*Asks:* 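Got a structure for you, questions after.
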Amino acid sequence: SYGSVFTHAKAGMENVDRERVARVVYDATVGTPHHENETRKERATSKRIAAMKAKGQGMTKTEWETFGRRADERARAMERTRSGARKWLVVDMDGFYAACEELYDPALKSVPVGVAAGPSSVLTTANYVARKYGVRAAMPGFIAKKLCPDLVFVKPDFKKYVKASNESRGVFAQYNPDYIAGSLDEAYIEVTEYCEKHDTTMEAIAEEIRSKVKEATGGLTCSVGGGCSRRLAKVCSDFNKPNGQYILGTTRDDILKFLRDLPVRKMYGIGKTLERILNEFDIKTCGDLLAKRATMLALFTPKAFDFLLGIALGIGTECHPRETPEGSGGRKGVSKSETFKATADKAYLDAKMTELATEVALECQRLNLKGRMVAVKLKRSTFDVIQRQTTLAGPTNDVKTIVNSALRLMRNENSIGANMTLRLVGA
DNA sequence: GCGGATCAC
DNA sequence: TATGGTGATCCGC
Ligand SMILES: Nc1ccn([C@H]2C[C@H](O)[C@@H](COP(=O)(O)OP(=O)(O)OP(=O)(O)O)O2)c(=O)n1
Ligand SMILES: [Mg+2]
């Protein structure tokens with residue numbers, strides 16, 4: 001495994017013994033179905049990389065020069081759209097679920113805490129005491145426990161998180177009622193007008209917000225990033241985490257200097273796989289990304305190229321999504337899924353699917369939404385995921401229609417060849 | 001339109 | 001012993 005998920009830098013994990021983490025994770029995981037599935041996916045990525053490299057090597061010098069010129073032209077075109085006029089803040093709570101739990105049980109503050117449904121489930125987050133051991137979100141509880149035997153598990157309690165979230169949002173609304181709620185613990189706030197009207201700065205507002213959020217939530221800390229786009233503000237929110245802030249200057253110079261040595265993995269939208277692909281082309285930082293723009297143009301799709309070039313230049317996401325056509329839409333899906341002890345028992349799987357599809361339909365009714373498509377998700381005991389979908393005659397939130405479609409989709413798969421042993425179903 | 005894959009949180 | 005749940009997007013066909 002290239003292991004980037006559990007070993008790459010995250011706030012509060014700068015001094016972690018990464019060798020030890022990698023070893024413990026590997027020892028606990030090697031040979032398991034989950035690990036087999038991970039290596040299968042990695043092989044697929046290797047193949048993808050090989051195809052990209054072959055494409056690059058098959059190109060003539062002239063072709064490369066053309067890509068170079070075109071990439072430069074795209075960069076110049078993007079530069080013409082550069083604007084440092086907007087002011088965005090991103091607020092992100094520190095160790096959110098764990099910090100909420102500490103409010104209700106202050107004794108947890110001094111011990112390592114992981115928030116998970118159980119030791120064989122994965123952690124939704126860990127407090128900063130636990131992070132020193134390499135314990136973090138998305139890590140299975142039993143591995144976290146190996147890294148940190150004193151780890152205390154706390155079960156997630158969403159009521160607490162929704163309450164704290166609402167309290168913090170009350171603060172954000174004071175600066176812009178049209179703030180964008182990312183998740184429960186994160187918000188994008190455009191303060192361009194507020195700064196004008198009140199003759200103030202992002203720095204000052206960030207200080208205020210941090211103080212007011214702490215007050216409003218009864219003690220939760222957050223970190224704030226600021227910049228001239230949502231993308232830059234977002235990456236800055238992590239820069240001085242926890243309980244810190246970083247405001248990036250808004251000139252081209254400020255931005256390119258900041259990006260030059262910033263690992264690409266820090267940017268929203270670049271995950272473990274894309275990081276690995278970029279690394280194969282000797283791209284580790286956003287600065288590398290800019291330097292290798294010709295390679296990017298030659299090997300990635302136009303959309304992916306634009307995305308990467310935007311990251312390299314620090315351009316894009318300056319405006320409120322409301323100002324763009326795509327951004328103004330509402331919710332696009334409702335789903336329920338559940339993991340259980342793997343089984344091929346058709347009666348059990350049918351009952352589970354019926355239960356979940358019913359919940360989806362009722363949730364749609366509650367939200368006053370109708371769906372044009374029903375999809376089911378099946379995860380085999382080998383961890384590979386199968387999705388099947390069907391487009392309905394017309395939009396519906398009728399329980400019978402949705403349940404029957406879901407059952408048909410699942411049974412159809414389950415009748416092909418041998419019965420599947422499943423560990424998860426969803427609709 | 002469908003299915004696989006990736007990503008964020 | 002054991003690896004979550006929800007929502008979204010993109011790509012290739
Ligand atoms: N794989 C994940 C990641 C996060 N979360 C939940 C729990 C987190 O508390 C919350 C916020 O996610 P963050 O990425 O902001 O992480 P934290 O707030 O926990 O820590 P940090 O201080 O790094 O922001 O979302 C989750 O359920 N599953
Ligand atoms: Mg957070």
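Protein chains get the first letters and strands the later ones, always in sequence-line order, with residue 1 at the start of each. This structure is a prediction, so every number in the text was calculated from the model and none was measured.
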*Asks:* List in numerical order all residues of residues 233-240 of chain A for which some heavy atom is under 4.0 Å away from an atom belonging to DNA chain C.
*Replies:*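 When residues 233-240 of chain A is checked for heavy atoms under 4.0 Å from DNA chain C, there are no hits whatsoever.
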
*Asks:* Pull out every protein N or O sitting under 3.5 Å from an N or O of nucleotides 10-13 of chain C, one pair per line with the distance.
*Replies:*
| unit_1 | atom_1 | unit_2 | atom_2 | d |
| --- | --- | --- | --- | --- |
| C/dC11 | OP1 | A/Thr301 | OG1 | 2.4 |

*Asks:* If you look only at pairs with a residue in residues 140-155 of chain A, which of them pass as a side-chain hydrogen bond (donor to acceptor under 3.5 Å, both in side chains), with sequence neighbours excluded?
*Replies:*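 For residues 140-155 of chain A: none.
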
*Asks:* Of all residues at least two apart in sequence or in a different chain, which pass the side chain to side chain contact (heavy atoms under 4.5 Å, CB included) check with A/Cys364?
*Replies:*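 Counting only residues at least two positions away or on another chain, A/Cys364 forms a side chain to side chain contact (heavy atoms under 4.5 Å, CB included) with A/Val334, A/Val360, A/Asn397.
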
*Asks:* Any pair with a residue in residues 273-305 of chain A that passes ring pair (Phe, Tyr, Trp, His ring centres under 6.0 Å), sequence neighbours left out, goes on the list, sorted by first then second residue, please.
*Replies:*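 The answer is none; no pair qualifies.
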
*Asks:* Centre of A/Phe172's six-membered ring, under 6.0 Å away, within 45 degrees of the axis: is that where NZ or CZ of A/Arg169 sits?
*Replies:*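 Checked: cation-pi criterion not met.
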
*Asks:* In chain order, what residues pass the side chain to side chain contact (heavy atoms under 4.5 Å, CB included) check against A/Asn412, with sequence neighbours excluded?
*Replies:*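 A/Asn412 satisfies side chain to side chain contact (heavy atoms under 4.5 Å, CB included) with A/Ser415 only.
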
*Asks:* Quick one: is A/Thr391 getting a side-chain N or O under 4.0 Å of the B/dC2 phosphate, OP1 or OP2?
*Replies:*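 Answer yes for this pair, as a side-chain N or O of A/Thr391 is under 4.0 Å from OP1 or OP2.
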
*Asks:* Using nucleotides 1-3 of chain C, report all nitrogen or oxygen pairs with the protein that are shorter than 3.5 Å.
*Replies:*
| unit_1 | atom_1 | unit_2 | atom_2 | d |
| --- | --- | --- | --- | --- |
| C/dT3 | OP1 | A/Arg423 | NH2 | 2.0 |
| C/dT3 | O5' | A/Arg423 | NH2 | 3.4 |
| C/dT3 | N3 | A/His34 | ND1 | 3.3 |
| C/dT3 | O4 | A/Thr29 | OG1 | 2.3 |

*Asks:* Does A/Ala173 have any side chain to side chain contact (heavy atoms under 4.5 Å, CB included) partners at least two apart in sequence or in another chain, and if so, which?
*Replies:*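 Partners of A/Ala173 by the side chain to side chain contact (heavy atoms under 4.5 Å, CB included) criterion, ordered by chain and then number, come out as A/Tyr179.
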
*Asks:* Keeping to residues at least two apart or across chains, list the ring pair (Phe, Tyr, Trp, His ring centres under 6.0 Å) pairs with something in residues 327-348 of chain A.
*Replies:*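 Pairs touching residues 327-348 of chain A that pass the test: A/Phe340-A/Tyr348.
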
*Asks:* What is the nucleic acid contact for A/Leu123, judged by heavy atoms within less than 4.0 Å: base, sugar-phosphate only, or nothing?
*Replies:*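 The residue A/Leu123 makes no contact with any strand.
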
*Asks:* In residues 175-185 of chain A, which ones come under 4.0 Å of DNA chain B, going by heavy atoms?
*Replies:*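 DNA chain B contact set from residues 175-185 of chain A: A/Ser183, A/Asp185.
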
*Asks:* Once you apply a heavy-atom cut-off of 4.0 Å, does A/Met267 come out as touching a base, just sugar-phosphate, or nothing?
*Replies:*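 Answer is sugar-phosphate: A/Met267 comes under 4.0 Å of backbone atoms only.
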
*Asks:* In residues 334-368 of chain A, what residues come within less than 4.0 Å of DNA chain C, judged by heavy atoms?
*Replies:*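 Residues of residues 334-368 of chain A under 4.0 Å from DNA chain C: A/Val334, A/Ser335, A/Lys336, A/Ser337, A/Glu338, A/Thr339.
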
*Asks:* What parts of residues 279-288 of chain A reach DNA chain C, counting only heavy atoms under 4.0 Å away?
*Replies:*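 Residues of residues 279-288 of chain A under 4.0 Å from DNA chain C: none.
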
*Asks:* Base, sugar-phosphate, or nothing: which does A/Tyr268 touch, judged by heavy atoms less than 4.0 Å apart?
*Replies:*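 Sugar-phosphate: the residue A/Tyr268, judged by heavy atoms under 4.0 Å, touches backbone atoms but no base.
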
